[in-house]
Amino acid sequence: MKKLAALFLAVAVLASVFAGCSSKTADVNYLDEYKSYFTSQISTLNPYTIEFTSDYEFIANIIDGLVETDIYGRYVPALAESWEKNEDTSVWTFHLRKDLYWVDSTGAKTEYQITAQDFVDGMRYVADPANAAYNAGTIEDIITGFSDYYYALVDIDEGTDTTRTREDVVATFESTVGVKALDEYTVQYTLTGPTPYFLSFVMTEVFLPVEQALLDEVGVNFGTGMEYMLYCGGYYISTWDRDKLLVLTKNENYWDAEQITIKKLSFEGISDSISTVEMFKRGDLAQVELSSEEMNSVRGTEWEQYVYLSAKTPTTFWYTFNFESRNSEFKAFVNNLNFRKALYHALDRVTISAVWEPTDPAFFTRYTLLPEGVMFDENGVDYTDYPALTEYKNTNPYDPAKAKEYFDAAVAELCGADGTINGATAGTVDMLPIQQWDADGKLPLDILYSSASSENEMKKAVLVKQMLEDAFGKENVNVILGYSNNSFSDEVWAMANWDLVDDSYGFRYADPAANLGRITTDGSLNDSMYVVPEYDALVSAAKAKYNIQERFTAFSEAEKWMLDNAMIIPFLSGGGAYFMTRIVPYTTPGGIIGMGHWKYKGAVIQETPVTTEQHAQLTEKYKADIDALSNG
């Protein structure tokens with residue numbers, strides 16, 4: 001532990017944040033270890049194939065990209081010390097820092113220097129469908145030649161092109177794809193058109209570097225163990241015990257090592273039954289989110305003085321359906337538009353939000369797929385204020401009477417007079433380990449709602465069951481609740497054990513294609529397995545527009561199509577949860593795009609929790625600094 005005065009010397013950036021506050025915190029001790037937890041086994045940390053936002057917390061701290069953000073969310077140099085773009089922003093050139101080296105899982109400097117070729121090789125890895133890079137689709141229409149190269153390999157792998165070999169196509173990468181190492185320390189990206197927001201792309205994992213010699217050595221084991229990775233971020237993985245412990249240790253060879261204020265990031269594997277609030281109280285966690293019950297339990301105690309409400313974030317929570325469900329009753333219904341609209345109007349978003357924020361739950365609801373307050377055109381108009389979306393954005397869709405009307409219309413279209421569901425068959429529906437039941441192919445319609453097993457998620461599941469059965473009548477629907485035991489990913493998503501489920505998606509870069517481009521028929525977020533050629537065409541047309549207003553108009557119309565057809569049901573924004581923390585606010589990289597804000601670079605961790613008053617003061621100071629920068 002260090003005293004605040006010593007910390008000021010180590011972290012110069014705190015001077016502006018703590019101006020006027022040092023006298024109140026002069027005797028506070030600070031820690032040099034961050035403690036957190038995980039609940040599902042970490043099987044891989046291949047940066048290109050991770051599927052869950054929570055994994056960014058690890059990747060962002062062990063592998064640096066070309067740029068990062070400062071505490072205010074502004075783009076600043078990382079592995080690239082400078083960059084420039086051409087006049088129409090279609091060509092971007094980055095100049096790397098020299099004499100930097102990859103380190104191994106002991107923190108030792110390797111023989112491998114970080115060069116422009118590492119960024120080329122990273123893109124080469126992403127562009128090969130055999131590597132299953134999770135978000136390759138986000139850049140297929142951005143980098144010149146990427147799509148041609150990627151789908152040429154797909155055609156060969158699927159046997160539809162027998163005129164060329166894989167080796168023939170792979171040999172064309174550097175002449176086809178718009179990423180080049182101009183020299184040892186200069187990498188250049190050529191884009192399909194003007195892309196003024198390209199730096200927000202560069203903040204994502206698909207632009208991270210990789211050492212080709214490592215890939216050649218470890219092959220398919222890349223990312224599956226700490227010894228099968230190399231590191232160029234502020235930390236390296238020093239311990240990786242699958243479902244028990246993951247430890248990141250400060251990289252003393254990091255280019256900005258003096259700003260790595262925390263020596264160790266420790267993540268302990270725990271079960272869902274463990275009370276994280278009690279762990280926080282014991283000092284075993286640096287931060288904790290409180291359920292509504294946990295919030296009530298600390299009211300009137302000494303711990304209430306440390307609780308604060310997190311801000312609204314660009315992350316959107318939405319409900320989605322399994323269009324290829326093994327439950328034939330649900331499959332018959334979900335492919336009916338009236339039924340999907342019935343669900344759209346039956347869900348009370350405000351009540352669901354109150355599970356996390358009972359004081360002002362409506363504030364954290366969101367009725368559009370993309371977030372407000374993130375994308376603006378040249379005139380400062382928010383994307384979500386474009387005409388196609390304003391009604392959705394400003395209207396709470398909860399309407400049980402309308403929901404029942406749509407449901408009755410669906411029943412009339414799908415069921416016989418005796419309640420038999422057209423296309424449904426009787427028999428056992430096996431969605432183990434989540435649920436198993438006998439279906440009769442008749443009303444009431446069985447709907448499996450699969451949920452994680454945390455307290456709040458289970459409470460939300462019970463609410464959704466009640467909402468649907470109240471709106472449609474228990475004689476018409478039977479909502480079956482199922483909970484994951486160990487891993488929601490493995491037991492629900494991977495096995496398609498769900499009819500109705502919700503998930504959350506962060507916003508990856510400052511353009512509507514960030515998420516709208518990933519929910520197409522073949523998009524990486526289409527776990528629902530729907531087929532939407534009309535939407536695909538709208539997105540394709542929108543991507544081809546480079547005038548910002550025309551682009552926003554086209555994308556907003558595509559989003560409206562998804563909402564009109566109730567293919568996905570947005571209901572909540574990120575944030576709006578109660579927390580207690582030992583991390584001093586606004587000491588780590590800010591911003592809302594990409595992986596930068598997951599870094600713990602510059603973090604300051606108090607031994608005693610941050611008080612509500614301290615949090616409010618620092619927030620006020622931070623907002624004033626932001627305003628000053630905006631007006632300066």
Side-chain angles (χ1 to χ4, degrees), residues 135-143 146-147 191-198 200-201 204 314-321 323 334-335 337 340-341 343-344 366-379 381-395 397 503-573 593:
N135 286 307
T138 63
I139 57 171
E140 65 179 26
D141 297 318
I142 299 298
I143 306 294
F146 185 99
S147 182
L191 313 180
T192 56
T195 312
Y197 47 85
F198 183 62
S200 65
F201 272 108
T204 65
T315 296
T316 298
F317 289 78
W318 58 42
Y319 282 102
T320 188
F321 320 116
F323 284 78
V334 76
N335 283 283
L337 176 59
R340 296 196 304 273
K341 286 190 172 184
L343 292 173
Y344 181 83
R366 178 173 291 148
Y367 307 135
T368 54
L369 296 175
L370 299 191
E372 66 288 343
V374 175
M375 298 171 292
F376 301 87
D377 65 19
E378 303 95 324
N379 298 319
V381 178
D382 191 304
Y383 163 81
T384 60
D385 287 327
Y386 269 62
L389 296 176
T390 51
E391 184 176 356
Y392 277 108
K393 176 182 179 179
N394 299 317
T395 305
D503 203 356
S504 64
Y505 296 97
F507 197 65
R508 301 181 52 75
Y509 51 89
D511 182 71
N515 278 356
L516 296 186
R518 296 195 293 161
I519 57 174
T520 55
T521 298
D522 60 353
S524 63
L525 297 186
N526 182 12
D527 296 300
S528 298
M529 295 176 282
Y530 50 66
V531 178
V532 285
E534 301 94 334
Y535 174 74
D536 296 343
L538 290 170
V539 169
S540 180
K543 286 182 175 180
K545 297 183 183 299
Y546 294 104
N547 173 278
I548 295 298
Q549 292 185 35
E550 293 179 359
R551 189 175 179 88
F552 279 15
T553 297
F555 269 115
S556 64
E557 290 170 352
E559 179 173 344
K560 181 177 184 295
W561 189 95
M562 289 296 277
L563 295 171
D564 285 346
N565 286 275
M567 303 302 294
I568 296 172
I569 302 178
F571 67 98
L572 200 64
S573 71
I593 301 297

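Throughout, residue positions are numbered sequentially from 1 according to the sequence presented.
At distances below 3.5 Å, at least one donor-acceptor pair connects side-chain atoms of Thr368 with backbone N or O atoms of Leu370. A donor-acceptor pair is defined here as one N or O able to donate and one able to accept, closer than 3.5 Å; such a pair exists between the side chain of Asp511 and the backbone of Ala513. The backbone N or O of Gly193 sits less than 3.5 Å from a side-chain atom of Thr195, completing a donor-acceptor pair. The main-chain N or O of Gln549 is found under 3.5 Å from a side-chain atom of Thr553 such that the two form a donor-acceptor pair. Checked by atom type and distance alone, the side chain of Asn526 pairs as donor or acceptor with a backbone atom of Thr521 at under 3.5 Å. Checking side-chain atoms of Thr316 against main-chain N and O of Leu369 turns up a donor-acceptor pair under 3.5 Å. Between the Tyr344 side chain and the Asn565 main chain, no donor and acceptor come within less than 3.5 Å of each other. Judged purely by atom type and a 3.5 angstrom limit, Asn515 has no side-chain atom pairing as donor or acceptor with the backbone of Ile519. Using modelled atom types, no side-chain atom of Arg518 and backbone atom of Ser524 make a donor-acceptor pair closer than 3.5 Å. A donor-acceptor pair under 3.5 Å links the side-chain atoms of Arg366 to the main chain of Thr315, judged by distance alone.
Across all their heavy atoms, Ala510 and Ser200 have their closest contact at N-OG, 3.0 Å. Minimum heavy-atom separation, Lys393 to Tyr367: O-CD1, 3.7 Å. Scanning both residues, Gly373 and Asp382, for their nearest heavy atoms gives N-OD2, 2.6 Å. Residue Thr384 comes nearest to Pro371 through the heavy atom pair CG2-O, 3.5 Å, listed as atom of the first residue, atom of the second, then distance.
Using a 3.5 Å distance cut-off with no hydrogens or angles, the side chains of Tyr546 and Thr192 do pair a donor with an acceptor.
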Could you walk me through whether Asn135 and Thr204 pass side-chain contact (heavy atoms from CB on, under 4.5 Å), step by step?
-> CA-CA 9 Å; Asn135 286 307; Thr204 65; over 6 Å; no

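Note that CG of Leu516 and CH2 of Trp561 are 12.5 Å apart. Values are rounded to the nearest 0.5 Å. Within the model, atoms OH of Tyr505 and OG1 of Thr320 stand 7.0 Å from one another, a figure rounded to the nearest 0.5 Å. Separating the CG atom in Leu343 from the OH atom in Tyr319 is a distance of 11.0 Å, to the nearest 0.5 Å. To the nearest 0.5 Å, atoms CE (Met567) and CG (Leu337) are separated by 9.0 Å. Between the OG atom of Ser556 and the CG atom of Leu538 there is a distance of 10.5 Å, given to the nearest 0.5 Å.
Between Tyr383 and Glu559 the shortest side-chain heavy-atom distance falls below 4.5 Å. Between Phe555 and Lys545, every side-chain heavy-atom pair lies at or beyond the 4.5 Å cut-off. Contact check for Phe146 versus Ile139: side-chain heavy atoms found under the 4.5 Å cut-off. Here the side chains of Tyr530 and Ile568 are in contact, with some heavy-atom distance below 4.5 Å. Between Leu563 and Pro570, some side-chain heavy-atom pair lies under the 4.5 Å cut-off. At least one side-chain heavy atom of Ile569 sits under 4.5 Å from a side-chain heavy atom of Phe321. Counting heavy atoms from C-beta on, the side chains of Met375 and Pro512 come closer than 4.5 Å.
Of the candidates Tyr392, Phe376, Phe552, Phe552 is the only one forming a ring-ring contact (aromatic ring centres under 6.0 Å, His included) with Tyr386.
Salt bridge Glu391/Lys560: absent, no basic N to carboxylate O contact under 4.0 Å.
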